[in-house]
Amino acid sequence: KIKRHFSLAQNFFPELSKNSEELLIKANENKKLLNLVRELPAKQREVIFLHYFEGLSLDEIATQTKKALGTVKANLFKARENLRVELANE
C-alpha cells in the first residue's frame, strides 16, 4: 500500500528518490511500532518508554520508578517479548 502511494506521489513529484521511498517505509514501520508500544500493559510501556525513548539505564529506571531492578528487567523482557510476537504476527 505504501509503495502504491509512493508511486502515485512520484508521478507528481519526480524528484522523489529511492531514499525517499525508504524513508516513507521506515516512517510507517516506526508508526506501527509506536502503536504496538502504546498497546502494551502500563508497566511494560513505562519501561520501554523510559529506556528507549528517554535513554535511561535500567538502574535509573529502577530509581525513578521506585521499583526493584529485577522488576524493571522483568518488565523490559516481557515488553520486548510481547513486541516481538506482535511484529511477527504482522
Side-chain angles (χ1 to χ4, degrees):
K1 190 174 182 179
I2 294 293
K3 288 187 179 191
R4 186 178 77 231
H5 291 298
F6 180 77
S7 296
L8 291 172
Q10 277 186 314
N11 291 334
F12 295 104
F13 305 101
E15 67 276 7
L16 289 175
S17 66
K18 181 76 172 167
N19 287 340
S20 298
E21 179 180 9
E22 290 170 4
L23 287 173
L24 286 171
I25 291 169
K26 187 73 170 173
N28 187 50
E29 289 171 355
N30 287 340
K31 185 178 176 181
K32 284 181 187 179
L33 183 58
L34 187 57
N35 286 334
L36 290 174
V37 169
R38 287 181 179 142
E39 293 174 11
L40 288 171
K43 293 176 184 179
Q44 295 173 20
R45 185 174 57 242
E46 177 183 44
V47 174
I48 289 286
F49 178 77
L50 291 173
H51 188 62
Y52 290 105
F53 295 91
E54 295 293 322
L56 297 181
S57 71
L58 298 182
D59 286 325
E60 291 169 325
I61 295 169
T63 300
Q64 183 172 327
T65 60
K66 296 178 176 35
K67 293 183 179 150
L69 181 58
T71 301
V72 171
K73 288 179 178 181
N75 286 333
L76 184 59
F77 176 82
K78 291 174 191 172
R80 287 177 179 157
E81 191 60 30
N82 285 337
L83 292 172
R84 198 173 293 121
V85 167
E86 289 300 322
L87 288 170
N89 289 334
E90 291 200 7

Verdict with reasoning, Ile48 to Leu83, per side chain to side chain contact (heavy atoms under 4.5 Å, CB included): CA-CA 10 Å; Ile48 289 286; Leu83 292 172; 4.2 Å; yes
Pairs where residues 33-58 contributes a residue and the test salt bridge (charged side-chain N to carboxylate O under 4.0 Å, His left out) is met, not counting sequence neighbours: Glu46-Lys67
Test item: Leu87 and Leu33 side chains (from C-beta on) under 4.5 Å apart, heavy atoms: yes
Which side-chain N or O atoms in residues 73-81 pair as donor and acceptor under 3.5 Å with protein atoms at least two apart or in another chain?
residue	atom	partner	partner atom	Å
Asn75	ND2	Thr71	O	3.3
Arg80	NE	Tyr52	OH	2.9
Arg80	NH2	Tyr52	OH	2.8
Glu81	OE1	Arg84	NH1	2.7

Distance, nearest 0.5 Å, that separates CD of Glu86 from CG of Asn35: 12.0 Å
Partner set under side chain to side chain donor-acceptor pair (under 3.5 Å) for Ser57, not counting sequence neighbours: Glu60
Within-4.5 Å side-chain heavy-atom neighbours: Phe53 and Leu34: yes
Distance-minimising heavy-atom pair for Ala68 and Ala62: C-CB, 4.3 Å
Non-hydrogen atoms of Val72 and Val47 that approach each other most closely: O-CG1, 4.0 Å
